[in-house]
Engineer: 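Starting off with a structure, shown below.
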Amino acid sequence: MILIKKYIPLALCFLFGVLTLGSYYVPTAASENYMEAMNQWENIVAGFAFLLGLFGLFYSHYNKITRKVDGWGYSLFVYIGFFMMVIPAILSEGKIMEGTTLTSIGWGYRFIYNALASTMFSVLAFYIVSTAYRAFRIKSAQAAVLFVAALIVILGKVPLGQMLWDTTLGWTGTQVSGIVQWLMDVPVVAGRRGIMMGLAIGGIVTGLKIIFGIERQYMGRD
Amino acid sequence: MKNFIEKLLKIDRRLIFLTLTLLLFIPIVRPLGLPNKNIGTEVKGLYDRIESLPPGSFILLSIDYDPGTRPELHPQAIAVLRHAFRKDLRVGMLTLIAGATGLVEELAERIPKDIAPDKVYGKDYVILPYQPNPAAVMTQVGMDLYKIYDTDRNGLPIKDMEVMKGIRNVKDMGLGICITGTALLDSWVALTGDRYKFPFAGGCTAVSQMGYAPYLQTGQLKGLMGGMKGAADYEGLIGHKEKGTSGIDALNLAHLMVIGLIVMANIMMLWLKYL
Amino acid sequence: MSETMMIFGGWVAAGLTIFLFSFLYKDNPFFKIAEHLFLGAGMGWVFQTVLFKTWIPKVWMPLTQAPYDFSVLIPALLGLSLVTQFFPKISWVSRYGFTFIMGYGSGLVIPLTISTDFLNQIGGTLTPFMVTSFAGNWLQLLNGSIIAVGFICVLFYFFFSVEHKGAVKKASTVGIYFLMLYFGAAFGNTVMGRFSLLYGRFDDLYKYSGGKYFYATHVILAVLVIYFIVDHFRTKKPAIEEEAA
Amino acid sequence: MLNKRLNLTIFSVLFAASAVCAATPASQKNAPPVPDLSGFQAVDMPYDKGEAVLLTWPVTPADVPGAVYQVYASAGKDWVKAAELPAASSLASEVELPFWAWKRDAALHAFQAEMPALFPGFKPGDGYSFKVKYVNGKTSLESAEAKVAPKANFFNLNRVNNFVLLVTIIVVFFWTVSHAKRKGLFIRRIAGLDAIDEAIGRATEMGRPIFYSTGIGSMSMVPTIASTSILAEVAKKVATYDTQLKVPHFDPIVMTVSKEIVKQAYTEVNRLDSYRDDINFFVTQDQFSFAASVDGMIHREKPAACFFIGHFMAESLLLAEVGATTGAIQIAGTEQESQLPFFFTSCDYTLIGEELYAAGAYLSKEPMLQSTLKVQDFGKAFVMVAVAAGSVLVLAGTIYKWDTMLYVVKHLFKGY
């Protein structure tokens with residue numbers, strides 16, 4: 001039983017890992033057919049992987065409703081929102097446009113989903129401003145360098161900032177957007193490349209640990 | 001004086017929220033109309049790359065953003081489409097983000113209306129359906145596109161469409177562009193751009209723009225539009241000002257407010273500490 | 001889609017937007033409703049997209065229609081195995097689906113990371129030095145060497161096998177300043193990015209406040225303000241505790 | 001196999017060229033020189049899927065501007081014109097292949113014919129014949145026919161630099177894993193950990209609680225794992241000084257794991273009597289309401305120290321801000337680069353990206369985390385040496401015009 005529960009999945013992982021890894025270095029037709037079959041299969045499996053997120057959401061809100069946790073009434077709206085999207089979609093067979101007119105699901109997307117999703121992210125603009133005022137403390141040379149870079153980029157991105165820079169520092173002959181460009185082309189490349197290199201090597205090592213079955217965290221405890 | 005500053009530092013943040021709302025709403029009602037000068041070199045890079053493509057070459061445009069980042073990226077997609085159709089290029093649009101399918105339809109709705117009224121679906125552009133696995137799609141378009149995209153988003157077979165004539169995989173295409181708020185652009189560069197020697201460019205949110213500086217320096221990314229400023233720059237280059245330019249215009253006052261707040265808060269803090 | 005439906009849509013969009021913004025003043029039932037609607041609607045949208053663009057065309061059709069392709073059953077079963085994770089007794093079945101995804105994913109990503117993020121980045125740091133002659137290329141050489149030095153110093157900062165003393169300490173402090181420039185530029189860009197999103201919402205609200213939409217934004221805003229005033233007097237709770245939310 | 005044949009062609013070219021020069025009597029000076037196409041060859045393109053043919057013919061003095069080479073291919077009966085190349089173009093040096101797979105300074109024209117584009121019904125293994133025609137105004141000369149059947153190759157030699165790097169990483173990886181299991185590896189002291197002692201000392205002195213958040217990541221994410229090992233260290237110190245610890249949670253699974261870790265930490269310092277089960281408590285699984293309710297708690301209880309260590313997204317802004325306003329010592333750590341600027345400005349100390357993993361490995365002494373760190377250090381050492389040595393070599397190459405050394409370094413560090 002342990003064989004089916006543990007060792008065959010690990011062998012599968014090793015097999016698919018090594019074959020996919022090898023196909024990068026082996027250009028024969030067989031390796032290409034293997035990759036094409038895998039791409040199609042992975043595409044289908046990913047379609048089901050989404051169910052995990054859906055069950056997770058329904059599971060947690062179902063518990064809230066059954067156990068009458070305070071604010072359980074709002075959990076009902078999760079199901080209302082879900083069916084508000086799914087039922088019109090089934091009625092219009094997933095087509096958002098019928099010729100040039102909007103179907104019911106198309107309407108749902110443009111006026112419900114669109115408004116909710118974009119507003120959720122835009123709230124952050126308010127918090128950035130209050131953080132800038134209440135928490136952005138320049139208490140060290142490093143924080144000062146960070147602030148100066150942020151100042152230059154914030155000014156350089158808007159026309160008023162460019163005009164302000166030209167009037168006050170025009171005599172230096174520099175353009176604020178020229179400095180923003182230099183910032184992005186030189187120091188940011190070095191800083192980002194240093195972090196990227198660490199992540200790249202970390203990613204490779206984690207990938208190897210998964211293929212050789214050393215990293216089993218994602219499989220859960222047996 | 002000191003307790004006044006202390007009270008000022010402890011100000012109710014909802015007042016700050018209100019000022020931001022006003023500073024953003026006023027330019028929407030009464031635009032300032034300041035010129036957006038100095039175009040980013042990475043935006044110019046994308047513009048020159050599309051400008052250099054001979055008429056009839058094929059552009060793969062991946063629309064990978066959802067409503068959450070629409071204000072920054074939708075104007076970029078519209079500007080690129082307008083430029084591509086003006087150069088009589090063929091465009092294949094696809095998406096790897098479920099939340100983007102509605103936005104792709106909005107683009108499809110606007111192409112006959114105002115972006116490029118003379119372009120015909122199936123002859124000049126095609127819209128491919130959503131696929132759930134980005135890595136599989138990015139690898140497959142380099143081998144045989146039709147093994148994963150046999151039909152368009154409404155189920156019509158695409159192999160015999162005129163727009164797909166002579167196209168088997170990315171080697172037959174002129175340029176790949178991915179406009180996204182996610183890290184999909186990194187995967188497109190690694191899994192398709194680098195692997196199949198396929199010139200790739202992109203559009204991203206301002207938040208992730210700095211992360212792509214190394215790819216621009218090595219030339220793995222041929223061009224990049226960063227956030228709303230990127231959209232405004234591209235609109236300036238193609239001479240058709242729209243939501244990107246009006247957006248940047250509205251941001252003028254808000255940007256200065258942020259700087260003012262940081263400087264003021266720190267001066268007050270120093271005042272309290274040393275005076 | 002009739003004109004009235006579009007106007008009604010305008011009201012719905014303006015309403016939901018204002019409900020979510022009301023959280024900035026105080027946590028209230030309108031916000032909670034809109035927030036939970038968002039959780040459900042988001043999941044609902046992805047569900048119908050996956051249903052009509054993957055399950056039906058790629059799984060159901062090949063199994064039930066003319067060009068039968070039963071090889072599709074294998075990935076479908078692997079995909080369904082993932083769902084067993086919610087049933088503790090048989091949750092080990094989900095390992096087949098996970099190992100298939102993780103094995104393919106790791107195998108695909110390792111060589112590409114070596115090529116794109118390892119080789120090309122080192123190569124990219126060296127290319128500015130490949131000038132035909134020194135004359136006229138001073139700027140490129142200068143910038144190239146700043147990138148190379150900065151890159152090495154940032155790597156020193158993330159080096160853990162050697163105690164940070166003497167030269168290593170100096171190098172990693174220089175590395176920190178390169179990181180600060182990167183974070184500062186990223187902070188500046190984030191500010192612009194978030195403001196652009198807010199601009200997008202205000203632009204919509206402005207559109208929906210027009211006569212064509214019968215002043216939807218103004219009406220809903222007024223209703224909400226009245227609610228807060230009534231709620232304020234009804235509850236009579238001390239306001240300080242609310243202020244922090 | 002290819003190199004042997006190339007040497008043969010070069011020799012024959014030199015021989016032919018010298019013969020041609022010697023043979024051309026002075027009288028032909030005014031007639032335009034005619035190229036010698038006897039060296040024309042068609043071979044299977046090496047290291048590919050078998051869908052391309054490589055045509056090479058010698059560079060000759062006849063390559064005057066205006067002259068053109070036309071490439072013809074045929075499946076059997078009629079000839080298809082594959083390409084028309086200006087005489088001075090498509091030289092061996094322009095071919096984008098690394099030096100170990102292609103002789104770039106051979107005096108040859110090289111053209112790669114993509115078979116599927118020329119013959120749609122193409123299958124690897126079918127035989128095709130090729131010829132090249134030199135046209136310069138009226139004079140034109142055709143080369144002999146060359147037959148070839150392109151076939152797939154087993155190993156893509158262009159990617160050998162990638163392959164060698166992969167093998168070295170695997171070897172180093174297994175060496176460190178086995179080494180770590182036996183007697184552990186040295187990891188330098190992480191500066192952020194001293195800040196933890198200082199923060200807890202301050203909290204005990206002021207008698208105010210400590211807030212510790214493991215972020216919104218799931219248990220399978222590496223930053224969350226590293227954060228729980230730092231929580232263990234914090235819990236041990238809190239247990240010894242008997243300060244109050246509060247750990248609000250976003251993910252129920254992470255909460256259950258943290259409960260075990262904190263209890264284990266209290267028993268290790270044998271202060272199990274003062275362990276309370278409500279140290280770890282669940283708040284909500286929604287990003288913004290989690291941030292809002294934790295903000296409310298921090299504002300009310302005014303903790304002496306706040307720890308935000310783990311996977312954070314946009315809500316990092318709300319948490320760090322409210323902590324800063326209450327004057328608490330704040331220590332943050334995340335792998336999310338987009339959140340680091342906010343943490344850096346509003347917190348006293350920030351663990352950046354890999355430092356978070358290093359702190360986890362340093363504290364937990366867990367061989368697997370330590371070995372990953374060691375492999376990463378080897379990788380970084382390799383990159384540092386490669387960049388330093390590479391730039392010096394390339395600079396020297398530019399000064400002293402060592403062209404071969406320049407393209408060797410260029411090809412070594414390029415993904416094909």
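Convention: sequence-line order gives letters A, B, ...; per-chain numbering from 1. Scope of the values below: all heavy atoms of this structure, side chains included, with no hydrogens, waters or symmetry mates.
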Engineer: Check each atom of B/Thr101 against the heavy atoms of chain A and say whether the ones under 4.5 Å are side chain, backbone, both or neither.
Structural biologist: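 For B/Thr101, backbone and side chain are both near chain A.
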Engineer: With a 4.5 angstrom heavy-atom cut-off, could you sort out which part of B/Lys229 is near chain A: side chain, backbone, both or neither?
Structural biologist: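 The answer is the side chain of B/Lys229.
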Engineer: Can you tell which part of B/Leu24 gets under 4.5 Å to a heavy atom of chain A, answering side chain, backbone, both or neither?
Structural biologist: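 For B/Leu24, neither part sits under 4.5 Å from chain A.
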Engineer: At a 4.5 Å cut-off on heavy atoms, which part of B/Leu18 comes close to chain A: side chain, backbone, both, or neither?
Structural biologist: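 Answer is neither: B/Leu18 stays 4.5 Å or more from chain A.
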Engineer: Among B/Asp249, B/Leu251, B/Asn36, which residue satisfies the side-chain contact (heavy atoms from CB on, under 4.5 Å) criterion with A/Val158?
Structural biologist: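 The residue from B/Asp249, B/Leu251, B/Asn36 that satisfies side-chain contact (heavy atoms from CB on, under 4.5 Å) with A/Val158 turns out to be B/Leu251.
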Engineer: Measuring heavy-atom distances to chain A, does B/Arg153 have an atom under 4.5 Å in its side chain, in its backbone, in both, or in neither?
Structural biologist: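 No part of it gets close to chain A.
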Engineer: Sort A/Gln175 into side chain, backbone, both or neither according to what part of it lies under 4.5 angstrom from a heavy atom of chain B.
Structural biologist: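 Contact with chain B involves the side chain of A/Gln175 alone.
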Engineer: Can you tell me which portion of B/Ile248 sits under 4.5 Å from chain A's heavy atoms? Options are side chain, backbone, both or neither.
Structural biologist: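 It is both, since atoms from each part get that close.
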Engineer: Answer yes if the side chains of A/Gln181 and B/Glu42 hold a donor-acceptor pair under 3.5 Å, and no otherwise.
Structural biologist: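 Yes - a donor-acceptor pair under 3.5 Å links their side chains.
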Engineer: Does the side chain of B/Leu103 reach to within under 4.5 Å of the side chain of A/Tyr109, using non-hydrogen atoms?
Structural biologist: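 The answer is yes; the side chains approach within 4.5 Å.
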Engineer: Between B/Leu216 and chain A, which part of the residue has a heavy atom less than 4.5 Å away: side chain, backbone, both or neither?
Structural biologist: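 Side chain only.
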Engineer: Could you tell me which portion of B/Met269 (side chain, backbone, both or neither) has an atom closer than 4.5 angstrom to a non-hydrogen atom of chain A?
Structural biologist: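 Side chain only.
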Engineer: Would A/Tyr133 and B/Leu8 satisfy side chain to side chain contact (heavy atoms under 4.5 Å, CB included), going step by step from the backbone distance to the final call?
Structural biologist: CA-CA 10 Å; A/Tyr133 181 66; B/Leu8 212 58; 4.0 Å; yes
Engineer: Looking at B/Ala135, B/Pro67, B/Gly227, which has the largest count of heavy-atom pairs under 4.5 Å with chain A?
Structural biologist: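 The residue among B/Ala135, B/Pro67, B/Gly227 with the greatest pair count is B/Pro67.
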Engineer: Which bit of B/Met257 is near chain A, if near means a heavy-atom gap under 4.5 Å: side chain, backbone, both or neither?
Structural biologist: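 For B/Met257, side-chain heavy atoms alone lie under 4.5 Å from chain A.
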Engineer: Can B/Val263 and A/Phe147 be said to form a side chain to side chain contact (heavy atoms under 4.5 Å, CB included), step by step?
Structural biologist: CA-CA 10 Å; B/Val263 169; A/Phe147 170 69; 3.7 Å; yes
